[in-house]
**Q** 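Dumping the structure here so I can ask a few things about it.
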Amino acid sequence: MDEYRVRELIGDVAAGRLSRRGFVQTMVGVGLTAPLAAQLLGAAGIASAQARAASSFAPSRRGGGGLVKVLWWQAATLLNPHFAVGTKDQDGSRIFYEPLACYDPDGNLVPILAAEVPSVQNGTVSRDGTSVTWRLKKNVVWHDGKPFTADDVVFNWEFVMDPGTAATTSGQYRDIKTIDKLDTHTVKLTFKQPMPFWAAPFCGPTGMIVPKHLFETFKGGKSREAPANLKPVGTGPYKFVDFKPGDMVRGEINPSYHVANRPFFDQLEMKGGGDAASAARAVIQTGEYDFAWNMQVADDILKRLEQGGKGKVDIATAGNIEHVQCNFTDPGTDVDGERSSVKTKHPFLSDPVVRQALNLLVDRASIHEQIYGRLGQSTANFLNAPERFRSKNLKWEFSVDKANQVLEAAGWKRGADGIRAKDGKKLKLVYQTSINPERQKTQQIVKQAAAKAGIDMELKSVVASVFFSSDAANPDTYSHFYTDVQMYTTTTTQPDPQRFMDQFTSWEIAAKDNKWQGRNITRWRSDDYDRAWKAAESEMDPVKRAAHFVKMNDLAIQNVVVIPVLWRMVVSAVSNRLKGTDITGWDSNFWHLAYWHREA
Amino acid sequence: VRYFVRRLIVIVPSLAGISLVLFTVLALAPGDPFGDLATNPNVPREVAQQLRAKFGLDDPLPIRYVRWLTSMLRGDWGFSFVSRVDVDTLILQRLPTTLFVLGSAQVLGLLIALPVGTLSALRPYSIFDQVATTVAFLGFSLPTFFTGLLFILVFSIHLDWLPMIYRADLSATGWRWWWETFRQAIMPISVLGLFQAATLTRFTRAAVLDVIRLDYVNTARAKGLSESVTVVKHVVRNALIPVVTLIALQIPQIFTGALVTEQIFRVPGIGSLLISSILANDTPVIMSITFVFSCLVVLFNLFADLLYSWLDPRISY
């Protein structure tokens with residue numbers, strides 16, 4: 001899909017021939033994120049769908065809802081959003097703190113502490129993308145009664161950029177050159193270079209704002225000592241009551257919350273710990289809790305629990321993709337104390353025909369239907385429909401016969417043991433992944449199909465805590481990639497795909513020099529890809545930028561650098577009576593917390 | 001007294017040895033407290049490096065050990081890498097829950113085990129003894145994670161009587177608080193208590209059986225003492241000596257929590273803190289908990305020995 005195709009589609013949305021949601025789904029199908037797709041529509045002047053989720057529930061007063069109990073099977077361990085390590089910490093902080101704007105399930109920016117979302121049309125985003133002006137909502141007060149102003153916004157940038165603070169959110173703020181306070185409720189961010197994704201700072205789960213008056217004296221090295229790290233004072237719908245790291249976060253209604261007649265619940269309890277399956281039970285089956293996060297539980301179990309009728313599964317989309325990676329370097333040769341070194345070439349995976357054959361041998365439909373159910377979608381679903389948008393390059397199929405044909409034609413002949421070989425190189429490979437019942441079943445399905453095509457696969461599974469660790473001394477981590485193929489899920493951790501797509505750029509290759517912290521695990525190199533990535537980084541026309549991302553996606557798929565197995569969903573468990581959660585895959589689970597309510 | 005002093009002196013090198021072994025094993029284990037940061041593309045690589053440097057993780061192992069040991073001796077337990085909260089605060093937050101749940105379980109276990117064990121020994125191979133023995137065998141053959149899940153399945157899911165998730169700070173007050181606490185504590189306490197009771201019952205029965213055949217018991221009976229006096233004063237008191245040792249050795253567990261049971265019922269005790277810290281490679285917390293645990297084991301061993309000589313004056317050191 002190229003630039004013109006994208007423009008055509010946008011025209012269809014404008015003319016009403018294609019729904020916004022249909023457009024977003026098509027764009028996600030070719031490797032973009034929903035927020036980027038929404039940005040495309042916004043740039044084309046198609047008004048964002050504010051009508052979305054127009055809830056019928058319009059309370060006439062604040063509170064009155066009693067206690068809402070939510071369950072996270074990994075507990076929040078700290079409540080400073082700038083130190084947050086995972087979603088658990090971001091969600092815990094989001095009860096009390098708020099960003100300027102959030103992402104709804106379709107990827108649209110929704111203003112929270114901002115009065116409006118900036119755009120090129122209303123002149124708050126500069127045409128060259130080097131600055132953005134945020135107008136802040138007035139009359140917002142911190143829980144301790146102090147007003148929220150532009151000074152707080154400026155301070156957060158200073159706080160995060162102090163290297164001594166070691167803020168985990170610093171990646172989103174490092175492109176800012178200066179922040180100017182235009183008046184008490186307006187700030188202008190100037191970037192070091194054009195920033196197509198100007199919403200990186202101060203938006204979404206990494207954009208929460210902490211109060212200047214409580215953190216001012218705790219910048220840099222002293223950041224750990226701030227009392228407000230454990231007793232947050234924010235602007236959010238709930239005020240802090242109590243926090244036990246690794247166990248429980250409690251909040252009570254904020255009587256001066258800046259949205260009228262919200263929130264509905266008087267108290268909130270976020271309990272942590274345990275495991276996903278029993279958390280699903282507590283919400284769906286016994287109804288002891290109202291909401292549970294991240295249900296990594298087999299779909300047939302969830303279905304059984306749902307028969308109890310107290311709760312159900314809520315599925316939101318993000319860009320998380322379970323995929324198989326092909327190693328372009330040789331894991332069997334040691335160069336300067338490093339295997340899978342870029343100085344080597346894989347004995348047979350460097351042959352495009354073999355990768356093509358592998359691509360034909362992953363039975364995505366069976367994996368989706370038999371293993372994951374509602375927890376994922378085989379990527380074919382959205383690539384095949386609607387018909388006229390199907391990218392010919394991206395069609396997938398499962399065909400053992402075809403795999404046999406291409407291998408045969410390329411001279412890979414079956415030996416006496418049924419395994420194909422060419423020039424003395426046998427198609428025997430090691431296929432590794434982390435220990436997880438779904439992944440082991442997937443491995444089996446792929447292995448069986450491969451055997452029919454004369455490829456012998458040895459299955460290897462590594463404990464997740466080792467596989468996903470960043471330990472430079474351990475050869476079994478995914479980033480060492482000391483096997484021929486491997487499988488895991490990469491998550492889109494932010495709404496813009498720029499960082500996500502850097503995993504195929506040549507300068508990100510994981511190697512001994514960078515302690516295997518590079519993001520390009522397959523060690524695939526392509527000048528075309530590198531150029532497209534760089535072009536996207538500073539392209540201000542959202543449509544052209546989208547076309548670059550589509551091209552990057554096509555390059556990685558056409559060259560079978562990776563084989564997408566399943567598009568994984570964000571799954572939560574929600575009590576039948578709890579409404580308004582509106583879970584999004586692009587932001588914190590609590591982005592809509594102020595609007596949560598219980599049906600009588 | 002000289003014995004006591006000698007024992008105390010031996011404790012010091014053994015504790016130092018334990019701490020060294022613990023520290024080395026933890027340092028050699030795979031994983032890194034900031035591993036999650038390294039794998040997140042949105043977090044610049046420098047952040048994890050800055051944090052490692054800030055928390056002194058890049059220094060060589062011997063230096064880290066000496067630094068840990070000296071600050072531990074000064075009473076500074078360090079702070080958790082994960083929550084950045086002082087370790088002693090974290091442990092003190094969790095201690096009341098653990099003490100309550102495990103202490104009650106221990107008491108429940110004793111309340112069942114002592115009478116049942118004694119009675120079955122007094123009437124060996126009677127129907128009561130047969131039933132008690134069978135139940136006790138069942139009890140200690142079934143691991144607590146199994147009985148825990150079974151309890152949840154029966155009482156929370158099928159009958160819907162009891163909550164399956166333990167909340168340390170209930171928002172209720174007054175009578176309601178007591179009722180809710182009772183309701184949520186009953187399952188974890190009985191799972192642990194019954195498991196304890198099973199082992200202790202068998203132990204008590206064996207100890208009483210050993211004693212009851214001895215000559216001085218016959219003498220006591222021949223003197224014309226009533227059966228109850230014979231049993232309580234002569235049999236049970238002597239039979240309790242090994243039982244007390246066993247209990248004393250189990251007491252450290254009350255402080256360190258029941259790892260599995262706390263995890264199943266989400267009891268926010270020290271055991272679940274230990275598990276989550278191990279999963280997160282949170283070295284300071286793991287070190288403190290395991291070290292306190294080893295101190296308690298060593299101390300209660302000593303305590304058991306002293307108790308022994310008090311219960312049985314024939315033993316002297």
**Q** Among A:Arg499, A:Arg174, A:Arg224, A:Arg281, which has the most heavy-atom pairs under 4.5 Å with chain B?
**A** A:Arg224
**Q** Answer with side chain, backbone, both or neither: which region of A:Ala279 has an atom nearer than 4.5 Å to a non-hydrogen atom of chain B?
**A** both
**Q** Where is the tightest heavy-atom contact between B:Val85 and A:Pro245, given as atom of each residue plus distance?
**A** CG2-CG, 3.9 Å
**Q** Which region of A:Lys69, side chain (C-beta onward) or backbone (N, CA, C, O), has a non-hydrogen atom less than 4.5 Å from a non-hydrogen atom of chain B, or is it both or neither?
**A** side chain
**Q** Heavy-atom pairs under 4.5 Å with chain A: which of B:Gln263, B:Glu46, B:Lys54 has the most?
**A** B:Lys54
**Q** Pick one of side chain, backbone, both or neither for A:Glu508, based on which atoms fall under 4.5 Å of a heavy atom in chain B.
**A** side chain
**Q** Would you find a donor on one side and an acceptor on the other, under 3.5 Å apart, between the side chain of B:Gln50 and the backbone of A:Gly164?
**A** no
**Q** Decide if atom CH2 of B:Trp161 counts as having more than 12 heavy atoms of other residues, nucleotides or ligands within a radius under 6.0 Å.
**A** no
**Q** Does B:Arg167 use its side chain to pair, donor to acceptor, with the backbone of A:Glu269 at less than 3.5 Å?
**A** no
**Q** Looking at A:Glu225, A:Gln172, A:Lys515, which one has more heavy-atom pairs under 4.5 Å with chain B than the rest?
**A** A:Gln172
**Q** Where on B:Ile165 is there a heavy atom nearer than 4.5 Å to chain A: the side chain, the backbone, both, or neither?
**A** both
**Q** Relative to chain B, which of A:Ala473, A:Gly171, A:Ala166 shows the most heavy atom pairs under 4.5 Å?
**A** A:Ala166
**Q** Of the non-hydrogen atoms in B:Arg266 and A:Leu71, which two are nearest, and what is the gap between them?
**A** NE-CD1, 4.0 Å
**Q** Under a 4.5 Å heavy-atom cut-off, does chain B meet the side chain of A:Tyr289, its backbone, both or neither?
**A** side chain
**Q** Is chain B contacted by the side chain of A:Gln517, its backbone, both, or neither, given a heavy-atom distance below 4.5 Å?
**A** both
**Q** So which residue, A:Asn514, A:Asp275, A:Asn229, ends up with the most heavy-atom pairs under 4.5 Å with chain B?
**A** A:Asp275
**Q** Given heavy-atom pairs under 4.5 angstrom as the criterion, report whether the side chain, backbone, both or neither of A:Tyr173 touches chain B.
**A** neither
**Q** Is it the case that more than 12 heavy atoms not belonging to A:Lys231 sit under 6.0 Å from its NZ atom?
**A** no
**Q** Of the backbone (N, CA, C, O) and the side chain (C-beta and beyond), which part of A:Thr490 lies under 4.5 Å from a heavy atom of chain B, both, or neither?
**A** neither
**Q** For B:Arg183, is the CZ atom crowded, meaning more than 12 foreign heavy atoms sit under 6.0 Å from it?
**A** yes
**Q** Quick test of your reading: applying side-chain hydrogen bond (donor to acceptor under 3.5 Å, both in side chains), list the pairs with at least one residue in residues 238-247 of chain A, sequence neighbours left out, ordered by first then second residue.
**A** A:Lys244-B:Asp169, A:Asp247-A:Lys271
**Q** Between B:Leu149, B:Thr89, B:Ile157, B:Leu90, who has the most heavy-atom pairs with chain A when the cutoff is under 4.5 Å?
**A** B:Ile157
**Q** Given the options A:Gln74, A:Met248, A:Glu288, A:Gln503, which has more heavy-atom pairs under 4.5 Å with chain B than any of the others?
**A** A:Glu288
**Q** Over all heavy atoms of both residues, which pair between A:Ser170 and B:Val47 is shortest? Give the atoms and the distance, please.
**A** OG-CG2, 3.3 Å
**Q** Sort by residue number and list every residue of residues 72-84 of chain B having at least one heavy atom under 4.5 Å from chain A.
**A** B:Phe79, B:Val82, B:Ser83, B:Arg84
**Q** Counting heavy-atom pairs closer than 4.5 Å to chain B, which one of A:Gly221, A:Pro163, A:Ala76 comes out on top?
**A** A:Pro163
